[in-house]
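Below is one structure; the comments refer to it alone.
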Amino acid sequence: MSTKTPPSPEKVLRTLFWQLLFRGRSAPHMNQHRKRKQISLTGTILIYALFGLMPAMGIFAMPQLAFASLLHSFTFLFASLTLASSAGTMLFMREEAEILLHRPIRPQELLRAKCHVLVKFSLILAFALNFAGFFTGTFAKNGSLLFLPAHALATVLLMVFSAALIVLVYNLCLKWFGRERFDNLLTLLQTVLTIVMIAGSQLMPRFMRMDAMQNIDVSHGWMPFLPPVWFGSIDGLLCGSVTLAEAWLPAALGIGATTILVWLAFVRLGSAYGIGLQALNEGAGVAPDKPRSRLLAKLVAAAPLRWWLRDPIERQSFLLTSAYLWRDRETKLKLYPGLAPMLIMPLIMVLGPGGRRSAGDDGTGPSLIMACFALGYLGIVPLQAMLFLHRTEHWRAAEVFRYAPVPHWTPLFHGSRKAVLWWLAFPVTVIIGAIMSAILGSPAPMFIAAAALVMLPVYSLLPGVVKTWIPLSQPNQDQRDPGMGCLVMGGVVIAGMATSGIAAWAESYGYLWIAVLGAVLLSIVLQKTFVSMMRERVWYPDED
Amino acid sequence: MISIQGLTKVFGTQVAVDNLSFDVAPGTILGLLGPNGAGKTTTLKMITGMLEPTSGTAQICGIDIVRQPIEAKRQLGFVPDSGAVYEALTGLEFLLMIASLYGIDEGQARMRIRQFLDFFDLDEKTLEGKLLGAYSKGMRRKIVITAALLHNPRVVLLDEPLDGLDANAAVGFKALLETLAREGKTIVYSSHVLDVVERVCNRIAIIAQGKLLVDGPPADLIHQHRATSLENLFTSLTGLSGHEARAEAFAKSLLP
């Protein structure tokens, strides 16, 4: 029997949080997780390394300082934002207070251990992202081999700066806004971060071509106040590619800001971390404010929802799903950042080189084709939302649907999918259609959105056609058939684009109303077919 | 031992625990009783250092929990009613992690875990191979109890510890508590199950709205208040008199 000396509590916690970062909660066996961890980490590193080729290849005409700043921009955008989105769930795990705060550890140790893990993870990502850049950087104008250690050091500093900034922001949010608003802020923050990452990936190549980057002057105008320039200047000073007179201000800002943030986040607010963690746990059972729940009940009892939700079980399932869409922290944190790419991608497609309106295009040319592709893409919004709403930490509560005298699972499914359509899919399609119309200066995208809209109920039926679907009934990480999910999603994207494409084509010949009418008829026929297929399936409540 | 003096916790305008004072000597099993929202869990959380008291002090074996939290926490083991664990760890990983936090070396920790494994009839394969998220409620409760007692604490605080345990495990655990008390441990047992508390505890404290109503051996309290049983004493002190008539009226109102 081994008798190893016990490691320090902080080291134990670091090991713990590193394990938790890669593991789900409910998959039953250890080996599945070991495999998943390896695949997930290796896959992420490879993707980041490949993505890092983009800035690394842009080196050859750039001075080393500009190149280093560019690499730090990429690192800040991708590694730091990944860090930010992982940090929320790791820093504030519900029930963690009950597990750890009565043990002989200090809140500061807990916070330090988590930050250590987050920085380690983000450094792996950052180094993968900078991997190609480390080598190509030595070939930049004024470049030298010193770039390798200098850039490594500045990257570490950048990640420490990012981690401290993120911890500080989260701690301040919890301190100032309380638990209820904190959950909403966390969701908003993660959604915004996802959008920023996607938009950033589109803007970066253009940023690389800007004159300001090609002929960088770190002491001029707004340049010294950009965080990537701070750390680029540290690179430059360590390599000797810039003089102290040129780069002292941004370098000093970088070191100063990192020091102050580290002090504020880990020393000044570190002791308050335990209090925040406990507050998060205490608020777990807080009931929603009455006016909001009453409003929801009133809304469901009034037309048009009363007409749409005639079955009482369907109505209750709608209310349950709506409550989770609006109130449940875990659902919001998964759902909204998960849907963000689907909301931003259509706009990027329209704003991209193929989608922008050229001179002479009246909004019905190539730009409209891109718009119809973008609108077709929105067909996966209900599918993605249904995927997230199938799984929850509270999956055991769905037992009630199995022992209650519910004749069939379909009313539960329909209530849930109608909530998704009502709160998410319909409004999103209308809003994106309106935005596209505004961008293209033509009402055509709004009309195409109408054709896309009538097909959304059909797509929302697909999870139930594939298998028995009960809201919030499956544990997280129990992904039984991801292949089928991808196949269905791919099919929906193709069908959505085809519908929008036909509508756009009909619109260009002045027959849009026929296309919309055709879509309505097709939608009705498919809905009736799918609903009857589901109804005919015998349900054994314990086997779904 | 435990000593709390003038312990108070205020959340906003709500006084959850109001000037609570009592001592619990070694060898005592104190049953902490009270209706829902009486302040039992808040009291336990303040004693364990999870919540900072608004005023008053709590000492574990003479060590102030606010001033010397690490030293005080080393002396205590706590079973929270939530039964929270890291669901992504296996039972063994979780227990080894907890043991390390108390400075127990791995070899010794494994030996102690095996002892608890035998006591609770837990399967070693499950403990090593299955993640806690896949455990049944009873098995999770056994892991949480093991995690509280693994470092052999001098003070044990239990919040609804039998919740989810099967009858055999519950009987065994109650016997274990009595043995631990005989060996000089200080135990605080918070529960709603009055007959278990009456059987296990040699002293009872009833609190309501954060205030201590009575404190003493169960037989003495029943005698002093001329009650017929602990249940009778509890309901008369916490204001739920005439519950039989109320239940009958309610049941009749449900009938068509």
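As the structure is a prediction and not an experimental result, all values here were calculated from the model.
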Look at [options] and state which one has the largest set of heavy-atom pairs under 4.5 Å with chain A.
| options | value |
| --- | --- |
| Asp81(B), Thr48(B), Ile70(B), Ile65(B) | Ile70(B) |
| Ile98(B), Leu96(B), Leu76(B), Val144(B) | Ile98(B) |
| Gly49(B), Gly77(B), Ser82(B) | Ser82(B) |

Under 4.5 Å from a heavy atom of chain B, the part of Arg396(A) involved: side chain
Contact class of Ile105(A) relative to chain B, heavy atoms under 4.5 angstrom: both
Ring geometry between His390(A) and Trp469(A) (parallel below 30°, tilted from 30 to 60°, perpendicular above 60°): parallel
Aromatic ring pairing His394(A)/Tyr324(A), orientation class (parallel under 30°, perpendicular over 60°, tilted between): perpendicular
Measuring heavy-atom distances to chain A, does [X] have an atom under 4.5 Å in its side chain, in its backbone, in both, or in neither?
| X | answer |
| --- | --- |
| Tyr135(B) | backbone |
| Glu52(B) | side chain |
| Ala109(B) | neither |

Pair Thr8(B), Asn19(B): side-chain N/O donor-acceptor within cut-off below 3.5 Å: no
Audit row: Lys45(B), Glu98(A), salt bridge (Lys or Arg N to Asp or Glu O under 4.0 Å) steps and yes/no: CA-CA 9 Å; Lys45(B) 283 186 175 175; Glu98(A) 302 257 300; 2.9 Å; yes
Heavy-atom closest contact (Arg402(A) atom, Gln474(A) atom, distance): NH2-NE2, 4.3 Å
Short side-chain to backbone donor-acceptor contact, Lys9(B) and Val17(B), under 3.5 Å: no
